[in-house]
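Working notes, beginning with the structure itself.
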Amino acid sequence: MKPKELKEINISNKKVFIRCDFNVPVDEFGNIVDDRRIKSALGTINYCLDHDCAIILASHFGRPKGGYETKYSLSPIAKRLHKLLDIEVLLAPNVVCDETINMANDLKCGQVMLLENMRFEKGETTNDKKFSKTLSSLADIFINDAFGVCHRTHASVAGIANYFDDTNKAAGFLLSREIEFFYHIIEEPKRPFVSIVGGSKVSGKLEALHNLIKKVDKIIIGGGMAFTFLKALGFEVGKSLVEHDLINDAKDIIDEANKIGVKFYLPVDVIVADKFDSEAVAKNSTIQEIPENWLGLDIGPATTLLYSQALKDANTILWNGPMGVYEMDKFSKGSYKLSHEVARSFATTVIGGGDTADLIRRAGDEDDMTFISTGGGASLELMEGKMLPGVKALI
Ligand code: AMP
């Protein structure tokens with residue numbers, strides 16, 4: 001079941017509360033270094049402005065300790081919003097103090113106000129009922145457009161939605177797109193459906209692997225997690241990252257794939273290094289010949305070729321997790337080449353996870369992917385087959 005979309009509810013001339021994700025990266029001086037998250041919220045905000053709404057925006061930003069901290073004020077975000085929307089954006093002095101409530105009550109159609117950082121209130125992360133109710137009392141309509149926090153049961157994401165009935169709450173455009181792509185791709189993929197799963201550890205993606213294995217036609221494994229699988233198959237992997245307590249789980253996943261006929265791909269060669277360092281000595285090695293004291297930090301050229309071949313007939317590709325330590329030039333080639341291959345394919349390509357999105361941008365393939373998810377943790381939970389609390393609260 002999906003939540004209502006913004007266009008399905010009547011918002012004209014109403015006061016809308018939009019939960020956004022303005023948790024943007026900033027430099028050591030507090031300057032916004034990447035405003036994509038703010039820009040991507042403009043669609044929903046402008047739609048509400050076009051429908052003569054009075055708009056109350058809310059977001060979290062960083063990890064304040066539970067009270068006002070200038071460092072985590074949304075003031076730079078208010079300024080950037082003002083620039084992008086070309087209208088005044090009123091910044092509330094706090095989250096729900098009397099002055100803020102008065103400001104919200106006085107807000108006129110066509111005006112935009114931004115509440116202070118939701119996490120200045122302790123009740124935000126505890127999903128406090130009283131705080132949720134106070135937030136809800138500010139507006140007639142609740143719109144959630146913050147996919148990146150939908151896996152959190154927080155007051156401005158989940159609790160608040162309980163105080164709006166079905167006709168007065170909906171998913172914003174960003175959230176709708178995320179739900180559309182993820183539910184659609186996982187539940188009704190055009191086959192063959194291939195999932196590429198990489199990143200550092202099996203532990204972080206164990207549940208996702210268990211869920212995906214039942215849905216995909218092929219699964220391609222890369223990154224540090226590959227070594228736990230290789231070890232489970234009896235290979236000696238030197239000093240590569242192995243989670244010894246998960247070797248049995250890894251074996252179970254391989255067995256399950258074999259049992260249900262899912263093709264399971266593991267690296268056949270890797271780039272090994274004498275230490276975890278961008279200046280390390282590195283060379284190619286088959287997985288049968290990984291030197292005892294070396295560690296695998298990227299997939300090798302034969303594996304890249306093999307994986308490219310396995311992707312050739314894909315109609316749907318879901319990718320989460322890099323193939324190697326892509327942050328270091330020496331160990332980025334496997335991830336970059338696979339990124340080019342995915343970008344070139346005619347499949348529907350969906351990218352989940354912050355690192356993978358970053359890698360695809362660095363590889364210059366961003367514009368050639370069908371969809372890049374904005375939420376790391378949230379997209380992983382969707383891959384695990386979970387219903388996100390923020391989405392559930394809208395239904
Ligand atoms: P994750 O957050 O689990 O998706 O992991 C992403 C991180 O995995 C990236 O920072 C990569 O540098 C790291 N990574 C990828 N391959 C390896 C590897 N072979 N050994 C250690 N770390 C890796």
Side-chain angles (χ1 to χ4, degrees), residues 25 148 151 195-212 219-233 235-247 249-250 253 265-287 290-291 293-304 307 318-339 342 350-363 372-384:
H151 59 311
S195 183
I196 307 170
V197 186
S200 54
K201 292 179 175 174
V202 180
S203 47
K205 294 190 183 140
L206 194 63
E207 277 189 71
L209 283 166
H210 274 300
N211 184 47
L212 282 174
I219 196 149
I220 288 176
I221 303 285
M225 71 159 64
F227 297 101
T228 303
F229 286 100
L230 291 169
K231 187 84 186 166
L233 293 178
F235 291 100
E236 288 308 325
V237 296
K239 290 253 174 340
S240 307
L241 193 65
V242 171
E243 288 170 281
H244 292 277
D245 52 332
L246 290 182
I247 289 177
D249 290 88
I253 291 173
Y265 290 82
L266 282 168
V268 290
D269 67 339
V270 285
I271 304 298
V272 289
D274 61 347
K275 54 179 182 257
F276 191 95
D277 193 304
S278 56
E279 301 299 322
V281 178
K283 62 179 181 183
N284 189 21
S285 165
T286 62
I287 53 152
I290 297 175
N293 289 318
W294 292 49
L295 67 167
L297 295 179
D298 193 11
I299 53 171
T303 306
T304 310
Y307 288 2
L318 174 63
W319 184 359
N320 187 311
M323 295 292 98
V325 185
Y326 74 98
E327 300 93 331
M328 300 181 192
D329 279 350
K330 261 188 186 162
F331 312 112
S332 63
K333 284 200 188 70
S335 298
Y336 281 21
K337 283 194 178 152
L338 208 66
S339 168
V342 172
V350 175
I351 310 300
D355 279 319
T356 322
D358 179 40
L359 138 73
I360 269 132
R361 278 179 201 118
R362 290 188 195 206
I372 300 180
S373 173
T374 52
S379 68
L380 192 62
E381 288 202 12
L382 284 183
M383 284 168 71
E384 289 168 358

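Keep in mind that what you see is a predicted model, and the values were worked out from it rather than measured. For ligands, and for the atoms within them, numbers begin at 1 and follow the listed sequence.
Across Ile271, Val270, Val272, a single residue satisfies side chain to side chain contact (heavy atoms under 4.5 Å, CB included) together with Lys283, and that is Val272.
The protein atom (non-hydrogen) at minimum distance from atom 17 (C) of ligand 1 is Gly224 N, 3.2 Å. For atom 10 (O) of ligand 1, the closest non-hydrogen atom of the protein is Glu327 OE2, 2.4 Å. Scanning the protein for heavy atoms near atom 2 (O) of ligand 1, the closest one is Asp355 OD2, 3.4 Å. In terms of protein heavy-atom proximity, atom 23 (C) of ligand 1 is closest to Val325 CG2, 3.6 Å.
When heavy-atom distances to ligand 1 are checked against a 4.0 Å cut-off, Met225 has no atom that comes that close, whether in backbone or side chain.
Residue contact check for ligand 1: Gly324 places a non-hydrogen atom closer than 4.0 Å to it.
Heavy-atom neighbours of Asp329 CG from other residues, nucleotides or ligands within 6.0 Å: at or below the threshold of 12. A 6.0 Å sphere centred on NZ of Lys201 holds no more than 12 heavy atoms belonging to other residues, nucleotides or ligands.
Side-chain polar atoms of Asp355 and Tyr326 form a donor-acceptor pair below 3.5 angstrom. Residues Asp269 and Thr286 bring no donor and acceptor atom of their side chains to less than 3.5 Å of each other.
Between Trp319 and Leu338 there is a side-chain heavy-atom pair separated by less than 4.5 Å.
Those atoms of ligand 1 that come under 4.0 Å of a heavy atom in Leu297, given as number and element, are 19 (N), 20 (N). For ligand 1 and Lys205, the ligand atoms under 4.0 Å from any heavy atom of the residue are 1 (P), 3 (O), 4 (O).
Closest heavy-atom approach to atom 5 (O) of ligand 1 within the set Ser200, Gly353, Gly198, Ser240: this belongs to Ser200.
Taking a cutoff of 4.0 Å between a charged side-chain nitrogen and a carboxylate oxygen, Glu243 and Lys231 do not qualify as a salt bridge.
Atoms CD1 and OG, on Ile287 and Ser240 in that order, are 10.5 Å from each other to the nearest 0.5 Å.
Polar contact check, Phe227 against ligand 1: no nitrogen or oxygen pair lies under 3.5 Å apart. Considering backbone and side-chain atoms together, Gly296 places an N or O closer than 3.5 Å to an N or O of ligand 1.
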